[in-house]
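This report refers to the structure that appears directly beneath it.
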Amino acid sequence: MDSDYLDNIFEKAVIGNSLIKNRKTLTIDYVPEKLPFRDEESKTIAQVLSVVLKDGRPSNLLVFGKPGTGKTAVVKNVINRLKRKSKEHGIGITVTIVNAKTANTSYKVLYDIAEEMGTNKIDKKLKVHFTGLSMGEATDRILEYVKKNQLQVILVIDEIDSLVDRNGDDILYSFTRANERLTESGFISLIGISNSLTFKDKLDPRVRSSLSEEELVFNPYTVLQLKEILNERAQLAFNEGSISQAAINLCAAVAGKENGDARKAIDLLRVAAEIAERERATIVIEKHIREAQEKIEKDTNYEVIKNSTTHTKLVVLSILKSQTGMTGEVYDNYISLCKMMDQDALTQRRITQIVSELDQLGLITSNVVSHGRYGRSQIIKIAVSSNTIMNALKDDPFMSTLL
DNA sequence: ATTCCACAGGAAACAGTGGTCC
DNA sequence: GGACCACTGTTTCCTGTGGAAT
């Protein structure tokens, strides 16, 4: 071991790194006070919310936009301003922000709302328990709490589309309907943030009309805008002369291709810088961006496979071992692998579901082909490098015996 | 034009788990 | 302690489908 090398690492740890001066500004935790290119959107949200502040009546809003377009950050920024203003003027506004995707189920969304709103801490009688209550009872308790305390609530549901996809619009129906009888004694203003523009179509018409009183679409950033955002961020994050303009341009171009996702662009920049650091390079260049792109892709695929269930792993291996990639062959392979491992095989229906999940994750590609009288089938192909798969499978002691 | 294969995939039901309520 | 609830992962049942073979 080269002791100079270790010294160098510790030296950097003590005196700070030569490339990055502020690592936090390259993470998703860092949200600037004002997001570039989002003035109009901020104004619209503020106008909608001002109704709550001025007239004391509920006002709903739906915000749409692809991932990484700054929707959530802008909403949170504007709400923080509103909170500050209402505090200054002694107006009591309760802000509750929940994420429907991390909450995972509609009941968990209700639980999170109760937690955030304070129902669970303040009012033991109206506590929404982690489980055990019916959906109706949980909703009633939250509404009762709002009524009893005459709260003016601004409820932000991030990734609201995943809530509707999985569990329908029951919760939204209850909340939007409840406002009709609540207004005298408190109310809930709802702000829904959605990645999907078509999500509205899945709503009950009554929910749709009251929820989408106001709508706002966040367009994806253009490559030029991304470049400017990255330049701004690079100034905060890097020491002078530590990153080349060409690297930033490439980073913006890559992210621009992927729906103008600013979060991804910044993440790419961070990983590239870390690679450059490890190489002890003095400047981040295009090569590092390309390497970072590969690394991010590889790491996500590896993690996804590694954290899958045994049966999903067996399906992946069955696909890898398959000559034709046809559903029937893949299932046969899977059955024999299960026998080898002394496992009870799942039904073909379930395997179809697993294959479609893998497809959605981008780990495989599948095309339906018809062989005429010989039936229809899918041609399933692995979409990531077999090395990545093998490494992920090897790390599972149970699977490694098969390799 | 009809038949038929090998599936895809939706809907409903079920089992098991972990929890609350009364 | 039994009734009830939500959730996950799965099975069972069923209908629909494209196109070669008849």
A/Glu357 bridged to A/Arg350 by N-O distance under 4.0 Å: yes

In whole angstrom, what separates [X]'s [atom1] from [N]'s [atom2]?
{"X": "A/His371", "N": "B/dA8", "atom1": "NE2", "atom2": "C1'", "result": "15 Å"}
{"X": "A/Asp344", "N": "C/dG9", "atom1": "CG", "atom2": "P", "result": "18 Å"}
{"X": "A/Glu357", "N": "B/dG9", "atom1": "CD", "atom2": "P", "result": "12 Å"}
{"X": "A/Gln348", "N": "C/dG9", "atom1": "CD", "atom2": "C1'", "result": "18 Å"}
{"X": "A/Tyr331", "N": "B/dA8", "atom1": "OH", "atom2": "P", "result": "12 Å"}
{"X": "A/Gln353", "N": "C/dG9", "atom1": "CD", "atom2": "C1'", "result": "9 Å"}
{"X": "A/Ile354", "N": "C/dT11", "atom1": "CD1", "atom2": "P", "result": "9 Å"}
{"X": "A/Gln378", "N": "B/dA8", "atom1": "CD", "atom2": "C1'", "result": "7 Å"}

Separation of A/Ile266 CD1 from A/Ile28 CD1 (nearest 0.5 Å):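 Between A/Ile28 CD1 and A/Ile266 CD1, I get 10.5 Å after rounding to 0.5 Å.
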
Gap separating the CD1 atom of A/Ile248 from the CG atom of A/Leu268, nearest 0.5 angstrom: 11.5 Å

Touch class at under 4.0 angstrom, heavy-atom based, for A/Met135 against every strand present: sugar-phosphate

Under-3.5 Å donor-acceptor pair between A/Arg349 side chain and B/dG10 base: yes

hbond_proxy A/Arg350 side chain to C/dT11 base (donor-acceptor, 3.5 Å cutoff):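 Looking at the base of C/dT11, it does not pair with any donor or acceptor on the side chain of A/Arg350 (distance under 3.5 Å).
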
Flag for A/Asn249-A/Gln245: side-chain donor and acceptor within less than 3.5 Å: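 Indeed, the side chains of A/Gln245 and A/Asn249 share at least one donor-acceptor pair under 3.5 Å.
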
No-hydrogen, no-angle side-chain donor-acceptor test under 3.5 Å, A/His288 and A/Glu279: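 Present: a donor and an acceptor within the cut-off.
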
In terms of side-chain heavy atoms of [X], which of [options] is nearest?
{"X": "A/Thr105", "options": "C/dC5, C/dT11, C/dT8", "answer": "C/dT8"}
{"X": "A/Arg373", "options": "B/dA8, C/dT10, C/dA20", "answer": "C/dA20"}
{"X": "A/Arg376", "options": "B/dC21, B/dA6, C/dA6", "answer": "B/dA6"}

Presence of [X] side-chain N/O under 4.0 Å of [N] phosphate oxygens OP1/OP2:
{"X": "A/Thr352", "N": "B/dA8", "value": "yes"}
{"X": "A/Thr347", "N": "C/dT11", "value": "yes"}
{"X": "A/Ser370", "N": "C/dT17", "value": "no"}

